[in-house]
Amino acid sequence: MATSTLEAPRSTPRAAPPKRPRGSGAVGRFIERNGAYLFLFPAIVYLAIFTVFPLIRGLMLSFTATKLVNPAGGKPVGVENYEYLLSSDKFWTSVVTTLLYTLFTVVFSVGIGTAGALLLNTAFKGRGIIRAIATIPWAVPTVAAALIFVWIYNNEQGILNRTTSALGMGQHGWLVDPQYGLFAVTLATVWKLTPLVMLVMLSALQSVPQELREATWVDGATRFQSFLAVTLPHLMPTLRVITLLMTIWSIRRFEIIFLITGGGPLDVTNTLVVNVYRTAFQDQNLGRAAAIGALGLVLSLLVTVVYFIVEQIQERQESQR
Amino acid sequence: MTTTLIPTDLPRRRGVAAKFGSFGKAVLITLLVVFAGFPVYWMLGTSLGTESSLYGGSQPLIPEFQNIGQWGGFLSDIPIFRWLGNSFVIAAGTTILSLVLATMAAYALSRYRFHGRGVAGFIFFSTQMLPEALIIVPLYAIFAGAGLLNSHWGLVLADTAFVMPVAMFIIKSGIDKIPYEIEESARIDGCSRLRILTTIVLPLIMPSIAAAAVIAFFDGWNEFMFANTFISSSDLWPASVGLSSFLGQFYTPMNVVMFCALLFALPAIIFFLWAQRGIVSGLTAGSVKG
């Protein structure tokens with residue numbers, strides 16, 4: 001499947017390179033000959049300065065005992081930060097929390113988003129308006145969304161507690177009871193992100209070949225059977241990619257968790273990136289924060305590798321069918 | 001393409017499915033709309049509530065539109081317009097810088113074959129994987145040395161680093177779709193690459209550029225982590241940081257906060273509804289299909 005690979009360079013229709021450089025003079029010829037690099041140069045240099053260099057600096061920091069008061073550098077301590085983290089319960093809790101948060105967020109947002117897209121793709125009255133309402137949360141700025149949910153979760157005046165007590169399920173400390181912390185941040189995240197999945201899946205649905213579906217109806221298939229035979233295979237590549245992106249984005253998601261629970265109550269929502277931020281700017285320990293960040297990156301990479309392996313296996317199975 | 005020769009009276013739904021059909025669908029659609037719409041509706045309702053209706057009793061389920069006059073008074077309590085102005089400057093700067101860098105890079109990756117093309121593409125993609133939290137610590141150290149803390153410039157530079165690669169993929173997929181033959185005749189006439197890019201390619205990829213612009217603007221408008229860390233002066237805060245400063249403070253009434261949140265969200269929502277079609281095609285073409 002051509003659409004399932006994320007890597008930029010793909011075979012695109014392309015004519016042969018121009019036969020003769022067309023520039024005027026030496027400068028023009030230089031530009032013509034090295035066009036690709038000149039066009040690419042600014043962006044690559046930019047990424048080198050603001051992404052690659054800080055990344056390397058961050059890795060170097062992780063081997064030092066740098067404090068926030070003197071961010072320029074602390075004394076080198078070798079792998080001490082890593083040793084500390086790998087033997088600390090708080091760190092491993094953080095890893096588990098990240099994985100749980102990612103799992104729940106991805107499952108619910110991809111599940112609801114895909115189901116919603118299938119629903120909104122059918123014909124009904126007022127579809128345009130309903131589609132707009134269903135996708136609005138994606139446009140709501142994260143900080144605004146966080147404030148709304150903090151108010152919804154409020155102990156005394158929150159609408160969630162009013163609803164649960166009206167339904168006879170009692171009142172709960174959504175933001176103060178460790179039991180509900182992960183639920184609270186996951187619900188808010190799913191609300192914010194499901195529309196994105198829905199938008200992407202809606203657009204994938206638009207390219208499902210209707211002729212094929214109708215052909216299966218002629219052959220006597222039910223809607224559900226033609227969905228399984230035609231629509232679902234057609235959606236799979238997009239579904240896989242959006243799942244991967246949602247996973248990677250969930251591992252690095254910070255704002256909504258930080259703003260709603262700040263990593264609490266009792267660290268139950270202290271995901272790796274929240275942990276990095278708190279270690280750096282609250283505990284003021286930049287060296288250790290950098291080490292947490294580096295281990296977080298390892299986790300992202302692992303997930304990506306697993307994804308690509310799964311994708312390879314699935315594609316092989318699909319091509320054998 | 002949708003016209004076919006199939007007779008329309010074919011049985012398409014049978015048995016239980018048919019009975020469930022329209023009613024079940026209506027229920028599901030209602031659930032979806034309530035799930036997505038309720039928090040926004042609640043934000044509006046809170047902003048129209050009075051202190052006694054919010055804290056004394058409980059927030060009414062129907063927004064109290066008769067209180068709309070209180071909105072004017074809220075504006076004098078909080079410098080929300082200054083913060084929104086700061087957000088706008090940061091978002092606009094991020095958009096312009098991202099588009100310039102991304103368009104040139106996208107053209108190179110789409111139209112040239114050269115050594116290191118795969119590596120370059122991978123560098124762009126891998127930024128998707130990088131947690132900002134890993135970068136923020138060294139970036140803070142670098143910015144502190146370069147005098148870029150407490151500056152909108154610093155934020156534009158940091159935000160661009162994360163959204164520019166996304167913009168690049170969106171624009172690249174736009175360029176990929178244009179047949180090369182269109183450029184070829186211009187090459188034969190002796191046009192330089194830069195002129196081809198600006199006069200021939202750019203007008204053709206406007207939808208992709210627009211989609212990338214919306215994504216970049218959203219990113220700059222919403223960004224919180226860098227802004228919260230790099231900007232300490234409240235005059236320079238973007239709205240995201242300004243609003244977050246109310247969290248955990250009990251003396252600011254929720255109706256005022258929600259009114260400010262509404263002012264912050266509304267431009268983004270309107271912009272999104274207006275540009276939705278472009279965003280969707282750009283997103284799917286760019287970040288999803290790469």
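On a predicted model such as this, the values are computed, not experimentally measured, just so you know. Residue numbering restarts at 1 for every chain, and letters A, B, ... go by the order of the sequence lines.
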Any idea which of I123(B), L139(B), T160(B) has the most non-hydrogen atom pairs under 4.5 angstrom with chain A? T160(B)
Under 4.5 Å heavy-atom distance to chain A, tell me which part of M225(B) shows up: side chain, backbone, both or neither. both
Should the ring pair F39(A) and Y112(B) be called parallel, tilted or perpendicular, given that the plane angle runs from 0 to 90° and is split at 30 and 60? tilted
Using non-hydrogen atoms and a 4.5 Å limit, figure out which bit of M198(A) sits close to chain B: side chain, backbone, both or neither. side chain
Exceeds 12 heavy-atom contacts within 6.0 angstrom, atom CZ of F41(A): no
For a 4.5 angstrom cut-off between non-hydrogen side-chain atoms, does F38(B) reach W191(A)? no
Quick check on F143(B) against chain A: is it the side chain, the backbone, both or neither that has a heavy atom closer than 4.5 Å? side chain
Proximal component of T135(A), with respect to chain B [non-hydrogen, under 4.5 Å]: both
Tightest non-hydrogen contact, residues A105(B) and A43(A), listed as CB-CB, 3.7 Å
If you draw a 6.0 Å radius around CZ in R127(A), do more than 12 non-hydrogen atoms from other residues or ligands fall strictly inside? yes
Supply the atom-to-atom distance R117(B) CZ to L40(A) CG, rounded to the nearest 0.5 angstrom. 10.5 Å
Under 4.5 Å heavy-atom distance to chain B, tell me which part of L120(A) shows up: side chain, backbone, both or neither. side chain
Taking all heavy atoms of G37(B) and all of I133(A), pick out the closest pair and write down the distance. CA-CG2, 4.2 Å
When the ring planes of F224(B) and F258(A) are compared, do they come out parallel, tilted or perpendicular, using 30° and 60° as the limits? tilted
I need the minimum non-hydrogen distance between L32(B) and G116(A), along with the two atoms involved. CD2-CA, 4.1 Å
Please flag which part of V273(A) lies under 4.5 Å from any non-hydrogen atom of chain B: side chain, backbone, both or neither. both
Please classify the contact of F224(A) with chain B as side chain, backbone, both or neither, using a heavy-atom distance under 4.5 Å. neither
Separation between CD1 (I44(A)) and CE (M104(B)), nearest 0.5 Å, reads 12.0 Å
List the steps, then state whether side chain to side chain contact (heavy atoms under 4.5 Å, CB included) holds for E255(A) with N228(B). CA-CA 10 Å; E255(A) 314 191 336; N228(B) 190 43; over 6 Å; no
Part of L273(B) lying under 4.5 Å from any heavy atom of chain A: side chain
Counting heavy-atom pairs under 4.5 angstrom with chain A, the leader among S126(B), S98(B), A161(B) is A161(B)
Taking all non-hydrogen atoms of both residues into account, name the closest pair between A123(A) and K25(B) and its distance. O-NZ, 3.1 Å
Counting C-beta onward and ignoring hydrogens, is there a side-chain heavy-atom pair between F281(A) and I136(B) closer than 4.5 Å? yes
Rounded to the nearest 0.5 angstrom, the CD1-NZ distance for I29(B) and K125(A) is 13.0 Å
Is any side-chain heavy atom of L61(B) less than 4.5 Å from a side-chain heavy atom of I159(A)? yes
Please report the shortest heavy-atom distance between L157(B) and Y46(A), naming the atom on each side. O-OH, 2.5 Å
Tell me, side chain or backbone of L54(B) under 4.5 Å from chain A's heavy atoms, or both, or neither? both
Give, for atom CZ of F53(A) and atom CD1 of I135(B), the distance between the pair rounded to the nearest 0.5 Å. 11.0 Å
Look at L297(A), V274(A), V140(A) and state which one has the largest set of heavy-atom pairs under 4.5 Å with chain B. L297(A)
Identify the two heavy atoms, one from A144(A) and one from A265(B), that lie closest to each other, and give their separation to 0.1 Å. CB-CB, 4.5 Å
Heavy atoms, side chains only, cut-off 4.5 Å: are T127(B) and F50(A) in contact? no
Taking T142(A), L202(A), V276(A), L259(A) one by one, which has the highest count of heavy-atom pairs under 4.5 Å against chain B? L259(A)
Against chain B, work out which of G293(A), P141(A), A280(A) has the most heavy-atom pairs shorter than 4.5 Å and name it. P141(A)
Measure T229(B) against the heavy atoms of chain A and call it side chain, backbone, both or neither at under 4.5 Å. both
For R253(A), is it the side chain, the backbone, both, or neither that has a heavy atom closer than 4.5 Å to a heavy atom of chain B? neither
Sub-4.5 Å side-chain heavy-atom contact between F254(A) and E132(B): no
Please state whether the side chain, the backbone, both or neither of Y140(B) comes within less than 4.5 Å of a heavy atom of chain A. side chain
Rounded to the nearest 0.5 Å, how far apart are CE of M254(B) and CG of N154(A)? 7.0 Å
In the structure I gave you, are the side-chain heavy atoms of V241(B) and V143(A) within less than 4.5 Å of one another anywhere? no
Report yes if the distance between the aromatic ring centroids of F271(B) and W138(A) is under 6.0 Å, otherwise no. no
Between A144(B), A261(B), S240(B), which residue shows the highest count of heavy-atom pairs closer than 4.5 Å to chain A? S240(B)
Would you say V150(A) and F246(B) make side-chain contact, with heavy atoms under 4.5 Å? no
What part of Y107(B) lies closer than 4.5 angstrom to a heavy atom of chain A: side chain, backbone, both or neither? side chain
Pair count under 4.5 Å, heavy atoms only, with chain A: among P179(B), P138(B), A158(B), highest is P138(B)
Proximal component of T51(A), with respect to chain B [non-hydrogen, under 4.5 Å]: both
Given heavy-atom pairs under 4.5 angstrom as the criterion, report whether the side chain, backbone, both or neither of E223(B) touches chain A. both
The interface call for I270(B) against chain A, heavy-atom contacts under 4.5 Å, is neither
Please examine the side chains of M43(B) and L147(A), heavy atoms only from C-beta on, and report whether any two atoms are closer than 4.5 Å. no
Output the option from F149(A), Y37(A), F124(A) having the highest count of non-hydrogen pairs under 4.5 Å with chain B. Y37(A)
